[in-house]
There are 2 protein chains.
Amino acid sequence: MLGISISTVSRALKDHPDISDKTKQRVTELAQALDYEPNANAINLRSSKNNLFGLIVPTISNFFYDSFIAAIEEECRRNNYSMMILQSGDDPVVEQENIKLCRQNRIGGLFACITSQTSNFEPFFKLHNIDVPVIFFDKVPDDSRANRVCVADAASATIAANTILEKKKKKVLALFGNQNLSITKKRLEAFQKTTGKKTKLIIEHVNNAEEAQQATYLALKENPDTIFCMSDEILTGSMKAIQQAGLSIPGDIAVIAISNGFIPKLYFPEITYVETSGYKLGKLAFSSMMACLAGSTFLQELTIECLLVEGGSI
Amino acid sequence: MLGISISTVSRALKDHPDISDKTKQRVTELAQALDYEPNANAINLRSSKNNLFGLIVPTISNFFYDSFIAAIEEECRRNNYSMMILQSGDDPVVEQENIKLCRQNRIGGLFACITSQTSNFEPFFKLHNIDVPVIFFDKVPDDSRANRVCVADAASATIAANTILEKKKKKVLALFGNQNLSITKKRLEAFQKTTGKKTKLIIEHVNNAEEAQQATYLALKENPDTIFCMSDEILTGSMKAIQQAGLSIPGDIAVIAISNGFIPKLYFPEITYVETSGYKLGKLAFSSMMACLAGSTFLQELTIECLLVEGGSI
DNA sequence: GTTTTTCCAACAAACGTTTGCGGAATTGTT
DNA sequence: AACAATTCCGCAAACGTTTGTTGGAAAAAC
């Protein structure tokens with residue numbers, strides 16, 4: 001339309017010194033008028049750099065993951081990255097498809113929370129081999145080749161256990177998640193180690209809120225004086241059982257949990273919890289990603305510090 | 001590596017009849033071995049079709065929007081679409097930047113929840129003009145040129161009110177949100193209209209969970225037999241006050257709410273609520289999008305039907 | 001033995017950018 | 001007036017695909 005070549009237009013739009021001010025002005029004005037926006041696909045193809053991160057999460061609608069995602073999104077915007085969010089639905093097959101999608105879109109890095117049944121980590125490591133960093137978060141493989149950012153699993157469980165000991169509790173119903181997950185193993189181990197023989201433990205493993213409710217309801221017959229919940233989901237189930245049994249907190253029974261912080265504030269009194277912030281974890285994961293992209297080949301397992309937030313439940 | 005041309009490889013991978021079975025096999029085997037995945041950017045560029053939807057939302061970490069997003073993500077995957085999620089932070093400036101990003105990535109359609117201060121809808125309609133459908137959801141512009149999908153505000157309040165009447169409740173504490181929001185006005189009006197003079201109403205307006213808790217705690221002195229909460233956030237505050245007062249549900253007091261469904265299931269008994277499902281809204285928005293892409297130019301405002309979900313709280 | 005058909009596979013153009021290189025026109029220097 | 005320097009811009013290649021068209025060899029038909 002202006003009678004000039006494509007390359008001149010390209011340079012004019014990028015304020016290249018080769019182009020005269022007069023031409024630049026004509027080009028920018030027309031671009032404005034036509035609502036021109038550069039085609040990201042063409043740019044990515046030409047540059048072989050996508051500025052795109054993949055993010056695989058079991059589900060978006062979860063108060064831990066959504067705050068993690070929000071943190072990543074904020075940082076992506078600040079750093080001119082886009083992100084592709086994919087849900088695995090905790091299904092290893094879908095997870096594989098998601099990785100495939102990520103590869104097709106030539107992501108520059110992947111944030112991944114594995115499913116509880118993921119056993120083959122090769123697809124992840126293959127990404128790493130072609131210089132696409134993979135940062136595992138929350139649920140991470142127990143493999144030394146993996147970059148991991150986690151909540152301080154052992155530390156958080158230790159803090160919770162110490163709080164229980166300080167309050168001189170004697171019989172604790174401790175609810176943990178799926179035994180295969182490293183998160184469960186670590187929390188359980190630290191919890192047991194800290195309590196030692198100083199208090200009696202009733203340990204139950206549950207896979208969801210409903211199982212937590214049933215397990216709690218049954219275990220209440222043994223008259224524990226405290227309930228410890230390893231996660232928010234377990235806490236919600238357990239709290240239903242306590243309400244069902246008509247017990248008052250902390251009079252009849254004390255409660256303490258490891259949590260992202262949202263759920264504990266829904267009850268009265270608010271539940272005392274050890275904070276594991278998804279938002280903070282997201283920030284940490286992003287900076288870890290940037291370090292990898294900057295050339296750091298140092299494999300690392302990073303953890304966010306945790307904090308006891310006092311409610312009135314113990 | 002195989003001594004054949006690129007185009008032959010391309011056809012072999014797509015099972016084109018021009019290619020011999022022997023060649024096809026050699027190609028697919030090598031592709032497998034090399035972990036070949038087609039470059040989505042190149043495909044998109046070549047085809048000028050991205051199979052990409054944009055999604056702009058005030059914030060991801062919200063139990064209404066995240067279920068909306070989850071629904072869209074599911075459908076996208078089923079239909080071979082990707083999606084680009086962007087947060088506006090309820091800031092019109094960021095919203096504009098997000099639209100720009102969408103244009104650059106040549107989205108095929110946009111799901112948009114506008115900010116509370118959005119006044120210029122031209123950027124949205126410009127998308128529509130270049131055959132990129134825009135489906136507004138939840139917070140939508142009051143403009144007849146817009147495709148809209150919403151929860152049925154009036155209908156949901158009416159159902160809640162009717163339920164209260166059926167249970168022969170006589171004194172209802174009704175908690176509503178900020179008076180300036182259209183959502184509040186619509187629900188309040190329908191609620192009042194339905195209850196009429198058949199039951200006594202104590203109406204309170206609150207801006208957050210904490211105010212809901214305080215308002216409930218104070219209003220309990222007037223001995224209402226039922227509490228109605230207009231939203232999830234209000235419900236959480238109100239429930240805390242009920243626990244604080246040591247009241248049992250539904251024996252001492254009945255509770256009913258309008259909700260997305262997650263919060264009511266945290267209590268025992270579960271709270272009866274009128275469902276305004278973000279998930280269903282997402283499904284509706286997606287099918288509306290597909291209809292637009294299929295050529296429907298019929299502008300529409302769709303609402304999801306609402307449903308009473310019985311817990312044991314009334 | 002020649003022509004026709006069939007089967008495979010290669011060539012080239014196109015999608016929208018960016019950028020090294022070269023070239024024309026203008027200006028400046030003796 | 002001749003030459004050098006400067007300013008501005010176009011050509012062409014490349015990123016990784018897809019696909020219409022063309023080409024060549026082997027197989028079949030006459």
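Computation of the quantities below employed the complete heavy-atom set of this structure, encompassing side-chain atoms and omitting hydrogens, waters and symmetry-equivalent molecules. Source: prediction; values computed, not measured. Naming: A, B, ... by sequence-line order, numbering from 1 per chain.
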Gap between atoms [atom1] and [atom2], on [X] and [N] respectively (whole Å):
| X | N | atom1 | atom2 | result |
| --- | --- | --- | --- | --- |
| B:K14 | D:dG20 | NZ | P | 11 Å |
| B:I4 | C:dC11 | CD1 | P | 12 Å |
| B:I6 | D:dA14 | CD1 | P | 12 Å |
| A:L2 | D:dC8 | CG | C1' | 15 Å |
| B:D15 | C:dA9 | CG | P | 13 Å |

Check [Y] with [X], please: is the shortest side-chain N to carboxylate O separation under 4.0 Å?
| X | Y | result |
| --- | --- | --- |
| A:K186 | A:E301 | yes |
| B:K280 | B:E305 | no |
| B:K100 | B:E95 | no |
| A:R11 | A:D18 | no |

Which residues in residues 35-46 of chain B have at least one heavy atom lying under 4.0 Å from any atom of DNA chain D?
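B:Y36, B:E37, B:P38, B:N39, B:A42, B:I43, B:R46 - these, ordered by number, are the residues of the stretch whose heavy atoms sit under 4.0 Å from the strand.
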In residues 16-28 of chain A, which residues come under 4.0 Å of DNA chain D by heavy atom?
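Those residues whose heavy atoms fall under 4.0 Å from DNA chain D, taken from residues 16-28 of chain A in numerical order, are A:D18, A:I19, A:S20, A:T23.
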Quiz item: [X] side-chain donor-acceptor pair to [N] base, under 3.5 Å:
| X | N | value |
| --- | --- | --- |
| A:S47 | D:dC15 | no |
| B:S7 | C:dC11 | yes |
| A:R11 | D:dG10 | yes |

Check whether any side-chain N or O of [X] sits under 3.5 Å from a backbone N or O of [Y] as a donor-acceptor pair, and report yes or no.
| X | Y | value |
| --- | --- | --- |
| A:N260 | A:F262 | no |
| A:N98 | A:Q87 | yes |
| A:K24 | A:K14 | no |

I need the single residue from B:F137, B:F53, B:Y81 that forms a ring pair (Phe, Tyr, Trp, His ring centres under 6.0 Å) with B:F111. Which is it?
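Passing option: B:F53.
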Involving DNA chain C, stems made of at least three consecutive Watson-Crick or G-U pairs, both distances under 3.5 Å:
C:1-30 with D:1-30
Can you give me the closest heavy-atom contact between A:V132 and A:L110, atom names plus distance?
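Minimum heavy-atom separation between A:V132 and A:L110: CG1-N, 4.4 Å.
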Does B:R145 count as lying over the ring of B:F121, i.e. NZ or CZ under 6.0 Å from the six-ring centre, within 45 degrees of the axis?
no
Does A:T8 have a side-chain nitrogen or oxygen under 4.0 Å from the phosphate oxygens OP1 or OP2 of D:dC9?
no
Under the side-chain contact (heavy atoms from CB on, under 4.5 Å) test against A:R77, which residue among A:E75, A:E73, A:E74 passes?
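Output: one option passes, namely A:E73.
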